[in-house]
Structures are given as structure tokens and as C-alpha cells.
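Report on the following structure.
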Amino acid sequence: MVSELSVLIPVYNQPVIALVEALLQQARSLTIPFEVRVYDDGSNQEIKKQNRACRNLPEVTYLELPQNVGRSQIRYQLATEAAFHTLLFLDNDVLPASLFFLQKYVQQGQAPVVAGGVTYADTYPAEAVLRWKYGRAREQATSAERQKNPYQRLFFSNMLVSKTLFLENFLAAQVQGYGHEDTLFAWRLQEKGLPVQHLENPVVHLGLEPGPLFLLKADQAVYNLARLHRQLQLGKDSRLFQVYCKAKKWGAVPLLQQSNTWLLPMLKQQLLSQNPRLWCFDLYRLLLLTRYLQKQNLF
């Protein structure tokens, strides 16, 4: 049994009152001490104005950082300042899929790291079809499927972890901007042989980015993956890196490099259409990875 709980929510340009209220409704029925920490990382004034209602909730600590520090640094700060020794990280654009979401985590025991998973609605905004397709195909999975490769699909959007373990293994300074802070954390866990338990306790991902923004974030994520590989030799277990290694083995990397200039714009146009293909998205990221791994001076 979990004996105490700090729920940690980093916020950037997203209203979170619905999420916080849903969590409080569940948490107040628990028999353990709990808190909810909501830290704003440089959102616009309209979002801050909406989220300041959190200040009126006695179990909630709401803090606005003076400037944007990024996804890794704000998570590290949340964990450092958490009052309790069991942390539940949630993204700011999710909602619990179950009315017993917190209860399931409390009852699951004291595994060092527990991943609840993510799910997606059956409908989606027209401008976010690419993000929805990717999430349904690549992120959404049952706990049994995820447990087969426990260090993959380990997302901070829904993760329970001990405070000590997190602070000892989360290398906040290694990741800048968007993408792969959870990959780096999973790599550290795997290196040390620390177990990960996957639980059937998903959140619904609601904040689906429009196509252009999702591609921009994908670009930054691929850059971070290339950087982490160059510095720490991690990422080889990712599907993207495995395809790159096969291309390298077959001598296809020069061809990929030559295709960057003309093929990337064509793929981008397809991905921003109303019927984006995930194989095009895979090829798009492969071309980006090839470009970044070949640019020695980027690192």
C-alpha cells in the first residue's frame, strides 16, 4: 500500500482546473495524506488567470515560476519540493480514465516505478489527426503489452515513483526543450536493473497538438535523441534508432542524407493532410535523425 502521495503537475499554457478537481474528488476519499502541486512554467496570462483558482483549494500548492525552465527542470523542482515520498507525475493535458484512478495506485503496493499508461478518445479534432493516430498506434497499449518491454512506453504523463529513486536517477540537465526526458529516465532504470511495473490505470490524453506543432515537437525530440546517443550512447532500443541501424548496416545512410532536401518537404506536406500516414511520419523522423547524427558540430 502507498502510505502518502504527492501528485505533481507541471503546467504550460493549459487550463488544469478540471484535472485538479477530478483528482481532489478521488483523493479526498482516500485514507492517506496527500497533496497536489501545480507549478506553472511560464504560461500566458489568460491561462494563469484561469489556473489561479487552484490557490483556493486547501490541498493544492499552486506556484508560478518567474520564467520558463523547461519540462525536465520543472519536474525536478516539483519532486524536490514534494512533501511526501511517493510521487505521481501527470501531464497537464490529461484526465483520469477511471473514477478509481488514485485508489488503484494506492493499492498497487510499493514498486519503485509504476506506469499507468495512456489512452485516446475515439474522436479527435480535425487539425490533430496526426497526433491522434500516432497516440493510438504507438502510445496506447494494455499493461500486459507494455510489461513485455517494461522500459519502453514509460511516460511521465502518468507515472508513480518514489521520490528518492526519482531524484537519484532523473538527469534534468541532460535534456533541453521537448522530448526524451522519460527515455533518459528509463535508460537509467534499465542500467541499474530497477524494476518497472505496468498497471492498467490509464489517463486520457486530451491535449492533442495540431499537425504543425506536433511536427515541430517531433523535430526537437529527434534532436534530443541524437544528442543523448552522442553523449551517453542511449536510445538504441527505440524503434527509430533500430531502423537507423538497419539502414546503416545496409549502406542506405548516404541515400537518406541525399534525400533530406527534397523528401522532407514532401513528407511534411503529406503529414499535414487530412489523411496522414504513420509510415511517412516514421520516414520523416528517420531523415531527421540521420541529419542530426551526421552533424558533429551540433553537440
Look up atom [atom1] in [X] and atom [atom2] in [Y], then write down how far apart they are to the nearest 0.5 Å.
{"X": "Asn260", "Y": "Tyr284", "atom1": "CG", "atom2": "OH", "value": "10.0 Å"}
{"X": "Thr61", "Y": "Ile9", "atom1": "OG1", "atom2": "CD1", "value": "11.5 Å"}
{"X": "Gln107", "Y": "Met1", "atom1": "CD", "atom2": "CE", "value": "6.0 Å"}
{"X": "Asn149", "Y": "Gln190", "atom1": "CG", "atom2": "CD", "value": "9.5 Å"}
{"X": "Leu160", "Y": "Lys104", "atom1": "CG", "atom2": "NZ", "value": "14.0 Å"}
{"X": "Leu264", "Y": "Thr261", "atom1": "CG", "atom2": "OG1", "value": "8.0 Å"}

Would the distance check show the side chain of [X] and the main-chain N or O of [Y] forming a donor-acceptor pair, the cut-off being under 3.5 Å?
{"X": "Gln26", "Y": "Phe101", "result": "yes"}
{"X": "Lys48", "Y": "Glu64", "result": "no"}
{"X": "Glu4", "Y": "Pro33", "result": "no"}
{"X": "Ser6", "Y": "Phe84", "result": "yes"}
{"X": "Asn158", "Y": "Asn201", "result": "yes"}
{"X": "Gln73", "Y": "Gly70", "result": "no"}
{"X": "Asn68", "Y": "Asp41", "result": "yes"}
{"X": "Glu209", "Y": "Leu216", "result": "no"}
{"X": "Arg146", "Y": "Gly116", "result": "yes"}

In terms of hydrophobic clusters joined by side-chain contacts under 4.5 Å, are [X] and [Y] together?
{"X": "Leu255", "Y": "Leu289", "result": "no"}
{"X": "Ile74", "Y": "Ile47", "result": "no"}
{"X": "Leu213", "Y": "Tyr124", "result": "no"}

Is the shortest distance from a Lys or Arg side-chain nitrogen in [X] or [Y] to a carboxylate oxygen in the other one below 4.0 Å?
{"X": "Arg188", "Y": "Glu168", "answer": "no"}
{"X": "Arg52", "Y": "Asp40", "answer": "no"}
{"X": "Arg28", "Y": "Glu59", "answer": "yes"}
{"X": "Asp122", "Y": "Arg136", "answer": "yes"}

Please report the shortest heavy-atom distance between [X] and [Y], naming the atom on each side.
{"X": "Ser3", "Y": "Ile32", "value": "O-CB, 3.4 Å"}
{"X": "His198", "Y": "Gln147", "value": "N-OE1, 2.7 Å"}
{"X": "Leu194", "Y": "Tyr151", "value": "O-OH, 2.7 Å"}

Worksheet item: Between the side chains of Glu139 and Tyr120, is a donor N or O closer than 3.5 angstrom to an acceptor N or O?
Response: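 Side chains of Glu139 and Tyr120: pair found under 3.5 Å.
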
Item to complete: Before giving the answer on salt bridge (charged side-chain N to carboxylate O under 4.0 Å, His left out), spell out for Asp219 and Lys268 the whole-Å C-alpha distance, their side-chain angles and the decisive distance to 0.1 Å.
Response: CA-CA 11 Å; Asp219 190 322; Lys268 186 173 184 179; over 6 Å; no

Item to complete: Please tell me if the side chains of Leu130 and Leu215 come closer than 4.5 Å, counting only heavy atoms from C-beta onward.
Response: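 Result yes, sub-4.5 Å side-chain heavy-atom pair found.
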
Practice prompt. Find out whether Leu199 and Tyr105 are in side-chain contact, i.e. whether some heavy atom of one side chain is under 4.5 Å from a heavy atom of the other.
Written response: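 Leu199 vs Tyr105: side chains touch.
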
Worksheet item: Taking the six-membered ring for Trp, are Phe281 and Phe214 ring centroids under 6.0 Å apart?
Response: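 Ring-ring flag for Phe281/Phe214: true, centres closer than 6.0 Å.
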
Item to complete: Answer with yes or no after comparing the ring centroid distance for Phe166 and Phe185 against a 6.0 Å cut-off, counting only values under it.
Response: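 Phe166 vs Phe185: aromatic centres under 6.0 Å.
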
Item to complete: With sequence neighbours excluded, tell me which residues meet salt bridge (charged side-chain N to carboxylate O under 4.0 Å, His left out) with Glu81.
Response: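 Here no residue qualifies.
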
Per-pair distances, 0.1 Å, donor-acceptor, side chain in residues 12-25, under 3.5 Å, sequence neighbours excluded:
| residue | atom | partner | partner atom | Å |
| --- | --- | --- | --- | --- |
| Asn13 | OD1 | Asn44 | N | 2.7 |
| Asn13 | OD1 | Asn44 | ND2 | 3.3 |

